[in-house]
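Structure below; questions to follow.
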Amino acid sequence: MRPFLFYNSWRNRMSDLRVRFAPSPTGYLHIGGARTALFNYLLARKEGGTFVLRIEDTDVARSTQESTDAILQAMDWLGLSYDEGPYYQSQRSELYQEKIDQLLEEGKAYRCYCTAEELEEKRNKAQAEGRKPKYDGTCRDRADQPIDQPHVVRFRSPDSGETAFDDKIKGRISFDNDELDDLIIRRTDGTPTYNFVVVIDDATMGINLVVRGDDHVNNTPRQIPMYEALGFPVPEFAHVPMILGADKSRLSKRHGATSVMAYRDLGYLPEAMVNYLVRLGWSYGDEEIFSMDELIEKFSLDNVGRSAGVFNPEKLLWLNAHYIKNGDIDRITGLVAGHLAEMGVKTENGPDMVAVVRSLLERAQTLVELAEGARFYFADTIEYEEKAQNKFLTADKKEPLEAVIKHLEAMAECTEESVEQAFAAMMEATGLKFGQFGPAVRVALTGTTSSPSNYEMIAILGIEESCKRIRAAIEVLK
RNA sequence: GCGCUCAUCGUCUAGCCUGGUCUAGGACACCGGCCUUUCACGCCGGCGACGGGGGUUCGAAUCCCCCUGGGCGUACCA
């Protein structure tokens with residue numbers, strides 16, 4: 001008993017792990033961001049830590065409230081709840097200003113009066129001459145630092161030695177400090193820049209493990225000296241590899257939908273997206289299917305790969321089909337009803353929606369396909385596909401179809417079994433083979449040649465509606 | 001260009017740290033078969049990879065070096 005209790009208390013212990021997801025609200029939540037958010041979320045939940053959400057809106061020109069809302073909505077859809085936030089950097093400028101002043105006073109930062117144009121020119125020249133395009137330090141040791149002249153504030157980076165850190169995914173990474181630039185931390189307009197605020201925020205929010213995209217490894221050695229200059233403890237880092245498109249270039253719109261919410265509209269289930277995203281870069285032996293609870297239990301940075309991965313829509317689709325087939329039928333039905341409504345299909349006088357969806361489940365990969373496949377159940381009149389009609393609704397089907405009607409109307413109840421029996425009785429009485437009328441019934445009922453089984457459809461549609469459709473088909477035989 | 005980094009089937013990956021059990025395992029996709037009232041589902045089978053070259057070693061996918069290729073960064077963007 002005792003070990004068990006110990007286990008439980010260990011499982012539920014609160015940990016001091018504090019992680020964060022810090023998107024910039026300049027667009028929707030994309031696939032890559034979602035995976036980063038997911039990894040952070042899983043780590044926090046697994047360890048009983050805290051997941052902080054912070055909106056990085058220091059770029060006033062590009063940040064919008066709509067983007068923030070879209071990101072929040074996407075996280076909610078994926079089931080990624082956070083414990084603190086969202087914090088907005090735009091509301092913390094006082095703090096940043098204070099810290100910049102502190103660095104200025106301590107001589108760890110300085111004012112730089114070079115104009116953007118001058119810098120651009122120097123950069124181009126250096127590059128053209130094969131030198132490093134880094135800031136040349138013109139204002140680094142300037143004696144007078146007039147406050148009333150337009151200027152930026154630069155952080156004085158160490159110019160010798162090396163900066164290294166042990167990445168939790170990639171291992172030890174080190175940089176020579178002479179590669180580091182004196183980063184601008186405050187623009188001419190007085191606003192602080194990303195590399196500075198991210199340090200202030202992560203430090204003051206107590207973040208002790210930074211899990212972020214691979215594209216930030218180069219920022220890390222520039223940020224570490226700032227933590228040190230400010231007297232903050234340096235957090236641990238884990239850089240998650242990028243997600244690439246099929247051509248191995250960075251994933252972008254031309255590779256298809258990159259917005260998480262676009263997949264919802266396309267008929268994907270959030271659990272499929274979560275499952276797909278987590279397996280892109282992380283693995284757990286040969287297992288492929290993971291519920292969120294299993295992920296919280298099993299996820300670990302130890303099993304995250306170091307190399308970039310290609311986004312594979314086909315596998316996502318497969319997972320989606322899996323979750324459609326195995327999901328809660330009432331929930332799936334509700335979701336399909338939503339898509340049907342969006343498509344303008346009136347369902348109130350139609351057959352039982354749950355039965356309809358159940359009949360379609362295993363032949364659909366998305367909710368949208370499910371809704372499209374369900375359409376015929378609710379149609380007032382069936383529109384026949386030309387090829388189907390020409391092939392199966394031929395004049396010789398008149399008697400067989402009439403015989404089907406006769407036997408269906410003789411049924412006492414309308415279940416799959418009774419319909420099957422009615423068909424059997426009809427074949428017995430007429431000597432017809434299924435192939436001589438089955439496909440015609442299918443076309444009469446649906447207008448197409450691919451659908452759930454006739455028995456099932458008739459059971460769902462009911463005797464009256466089924467016979468009505470078959471009669472309508474008899475009218476157009478030729 | 002420079003810096004950082006990565007490298008197993010077409011794709012996601014297991015294996016690599018602690019060399020032999022790897023004639024390299026799983027999954028998606030693809031191909032074939034079975035099942036079958038169509039379409040699917042499902043089941044069975046197949047195709048398919050250690051980027052190249054040097055080492056180290058009795059033995060290397062596994063360790064070391066070089067090359068090549070990819071990704072990221074190199075902003076008064078984040």
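Numbered from 1 within each chain, the chains take letters A, B, ... in sequence-line order.
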Would you mind telling me which of B/rG73, B/rA75, B/rG3 lies closest to the side-chain atoms of A/Arg250?
B/rG73
Can you check the distance between B/rC76 and B/rA14, where both ends of the measurement are the P atom (answer in whole Å)?
39 Å
Restricting to pairs with a member in residues 307-324 of chain A, which pass salt bridge (Lys or Arg N to Asp or Glu O under 4.0 Å), not counting sequence neighbours?
A/Glu288-A/Lys315
Those residues at least two apart in sequence (or on a different chain) that pass side chain to side chain contact (heavy atoms under 4.5 Å, CB included) with A/Ala371 are A/Val336, A/His339, A/Leu340, A/Met343
Between B/rU13 and B/rG42, how far is it from one C1' atom to the other, in whole Å?
25 Å
Would you tabulate the nitrogen or oxygen pairs shorter than 3.5 Å linking the protein to nucleotides 40-42 of chain B?
from, atom 1, to, atom 2, distance (Å)
B/rA40, O2', A/Glu362, O, 2.5
B/rC41, O4', A/Glu362, O, 3.4

Quote, to the nearest angstrom, the C1' distance that separates B/rC16 from B/rC64.
14 Å
Nucleotide N/O to protein N/O under 3.5 Å, stretch nucleotides 43-50 of chain B:
none

For A/Phe437, all residues meeting ring pair (Phe, Tyr, Trp, His ring centres under 6.0 Å), sequence neighbours excluded
A/Phe423, A/Phe434
With the six-membered base ring of B/rG73 as reference, does the ring of A/His216 sit under 5.5 Å away with planes under 30° apart?
no
Enumerate the salt bridge (Lys or Arg N to Asp or Glu O under 4.0 Å) contacts for residues 248-258 of chain A, please, sequence neighbours excluded, ordered by first and then second residue.
A/Asp215-A/Arg250, A/Asp247-A/Arg254
Non-neighbouring partners of A/Ala238 that pass side chain to side chain contact (heavy atoms under 4.5 Å, CB included), sequence neighbours left out:
A/Lys168, A/Ile169, A/Leu209, A/Val211, A/Leu301
Salt bridge check, A/Asp214 against A/Lys170: does any charged N sit closer than 4.0 Å to a carboxylate O?
yes
Pairwise C1' distance, B/rC30 and B/rU68 [rounded to whole Å]:
30 Å
Take nucleotides 5-16 of chain B nucleotide by nucleotide from the 5' end and write B, S or -, depending on whether a protein heavy atom sits under 4.0 Å from the base, only from the sugar-phosphate, or from neither.
SSS---BBSS--
The side chain of A/Asn219 is closest to which nucleotide in this list: B/rU38, B/rC72, B/rA78?
B/rA78
With salt bridge (Lys or Arg N to Asp or Glu O under 4.0 Å) as the rule and sequence neighbours excluded, what pairs involving residues 150-160 of chain A come up?
A/Arg140-A/Asp159, A/Asp141-A/Arg156
Residue list, side chain to side chain contact (heavy atoms under 4.5 Å, CB included) with A/Asp328, at least two apart or on another chain
A/Asp330, A/Arg331
Inter- and intrachain pairs under salt bridge (Lys or Arg N to Asp or Glu O under 4.0 Å), touching residues 61-71 of chain A, at least two apart:
A/Asp59-A/Arg62
Going by side chain to side chain contact (heavy atoms under 4.5 Å, CB included), name the residues that satisfy it together with A/Thr68, two or more places apart in sequence or in a different chain.
A/Pro25, A/Ile55, A/Gln65, A/Leu72, A/Tyr88
